[in-house]
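The block underneath contains the structure these notes are about, expressed in structure tokens.
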Number of protein chains: 2
Amino acid sequence: MRNTQATQKIYDIIKDSEIALSHSEVQNMLPEGFCDRATIYRVLERLAQKGSIHKIVNVDGVINYAACEYAANTPSATHVHFNCERCQTVTCLEEIKPNFTLPKNYKIHQSNFVLSGICPNCSAN
Amino acid sequence: MRNTQATQKIYDIIKDSEIALSHSEVQNMLPEGFCDRATIYRVLERLAQKGSIHKIVNVDGVINYAACEYAANTPSATHVHFNCERCQTVTCLEEIKPNFTLPKNYKIHQSNFVLSGICPNCSAN
DNA sequence: ACTTTTATTGCAACACTGTTGCATTTGCAA
DNA sequence: TTGCAAATGCAACAGTGTTGCAATAAAAGT
């Protein structure tokens, strides 16, 4: 993978973000006209493919990207994300590792575990 | 909620299906020109609201609907769905109830737990 | 330092998904 | 049977994600 302006900047934005970001959120955080919409889609796809970032699908079906320390979507490192109904942010609950028995005959490649409700920040305000 | 043709038919399709269905799958299973696209969206939303069916978001962000015996997305009855990469079907793994400690200060209203990979059917063929 | 190769990008066009306003129809209760 | 509100059809729309192709730029070779 080549080290282009777009790749660097987009990766930095996701890495430096406390919360998971959707395509459109990334777009809004980039300087106006920095790069094309299609490029952002392609870069996000490439970074996820490579494993630098990973996908989280929230309860509305919106795809978010985050750079958690542990990959969230490999069977061995499954952890949960939280999607706030009020502020819409997606946060990583790295400390919660759900236990479940793997189903027989199913081959697991990915997981996406999401809880939604109200986050501590929104509860307080 | 009124008992209309569209509501009945769409509910029957979902109830009688072994797998969870997306909006477009429901549309394809209805007779040509049976009702408008918008109506299907509205009916699905209404049935989910009422609790007759529930939403499952697969790993690609596609929203599916199913009529599981136990609601899958209330915190108390969380269970897992499986999304096959090959045949794209979404099946309900009612027997798997993951254990996890609820996070402090977060108020949970919904959950969406999805595993993906290859289903037994596709593994065999 | 210059050339070559090929991954990446921009642009434009496109398909698909989901939503909304409004006039019309229909279920259901009075 | 009548009247009201819910539900529908239609059309227009916004947003999302994809694709083909020519232009550009990163990185390796000379």
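Just so it is clear, the structure is predicted and the values come from calculations on it, not from any experiment. Convention: sequence-line order gives letters A, B, ...; per-chain numbering from 1.
Every side chain to side chain donor-acceptor pair (under 3.5 Å) that A:T7 has, sequence neighbours left out, goes to A:T4. Residues passing the side chain to side chain donor-acceptor pair (under 3.5 Å) test with A:E85, sequence neighbours excluded: B:H109. B:E45 meets the salt bridge (charged side-chain N to carboxylate O under 4.0 Å, His left out) test with B:K55; sequence neighbours excluded. Remark: A:F82 engages B:Y106 in a ring pair (Phe, Tyr, Trp, His ring centres under 6.0 Å) (not counting sequence neighbours). Remark: A:F34 pairs with no residue by the ring pair (Phe, Tyr, Trp, His ring centres under 6.0 Å) rule, at least two apart or across chains. Applying the side chain to side chain donor-acceptor pair (under 3.5 Å) rule to A:N99 yields no partners; only residues at least two apart in sequence or on another chain are considered. In this view, B:D36 and B:A38, B:T39 satisfy the side chain to side chain contact (heavy atoms under 4.5 Å, CB included) rule, not counting sequence neighbours.
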Reading nucleotides 11-16 of chain D from 5' to 3' and marking B where a protein heavy atom lies under 4.0 Å of the base, S where only the sugar-phosphate is that close, and - otherwise, the string is -----B
Treat primed atoms plus P, OP1 and OP2 as sugar-phosphate and everything else as base, then score nucleotides 24-30 of chain D 5' to 3': B for base contact with protein heavy atoms under 4.0 Å, S for sugar-phosphate contact only, - for none. -BBS---
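Side-chain contact check for A:Y65 versus A:L47: every heavy-atom pair is 4.5 Å or farther apart. In this structure, B:H23 and B:I63 have side chains that are not in contact, with every pair of non-hydrogen atoms separated by 4.5 Å or more.
We find that CZ of A:R46 is positioned 17 Å from P of D:dG17, with the value rounded to whole Å. Rounded to an integer number of Å, the gap from CD1 of A:I10 to P of C:dT8 is 13 Å. Separating the CD atom of B:E45 from the C1' atom of C:dT20 is a distance of 14 Å, rounded to the nearest angstrom. The distance between atom CD of B:Q8 and atom C1' of D:dA7, rounded to the nearest whole Å, is 14 Å. In this structure, CD1 of A:I63 is placed 13 Å from C1' of C:dT17, rounded to the nearest angstrom. Residue A:D60 contributes atom CG, which lies 14 Å from atom C1' of C:dT19 at whole-angstrom precision.
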With a 3.5 Å cut-off and sequence neighbours excluded, list the donor-acceptor pairs that the side chains of residues 24-31 of chain B form with protein atoms.
unit_1 : atom_1 : unit_2 : atom_2 : d
B:S24  : OG     : B:S22  : OG     : 3.4
B:E25  : OE1    : B:S22  : N      : 2.8
B:E25  : OE1    : B:S22  : OG     : 3.3
B:N28  : ND2    : B:S24  : O      : 3.3

Using Watson-Crick and G-U wobble pairs with both distances under 3.5 Å, what is the 5'-to-3' dot-bracket string of DNA chain C, with [ ] for crossing pairs and | for pairs outside the strand? ||||||||||||||||||||||||||||||
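Listed by first and then second residue, the salt bridge (Lys or Arg N to Asp or Glu O under 4.0 Å) pairs that reach into residues 1-21 of chain B come to none, sequence neighbours excluded.
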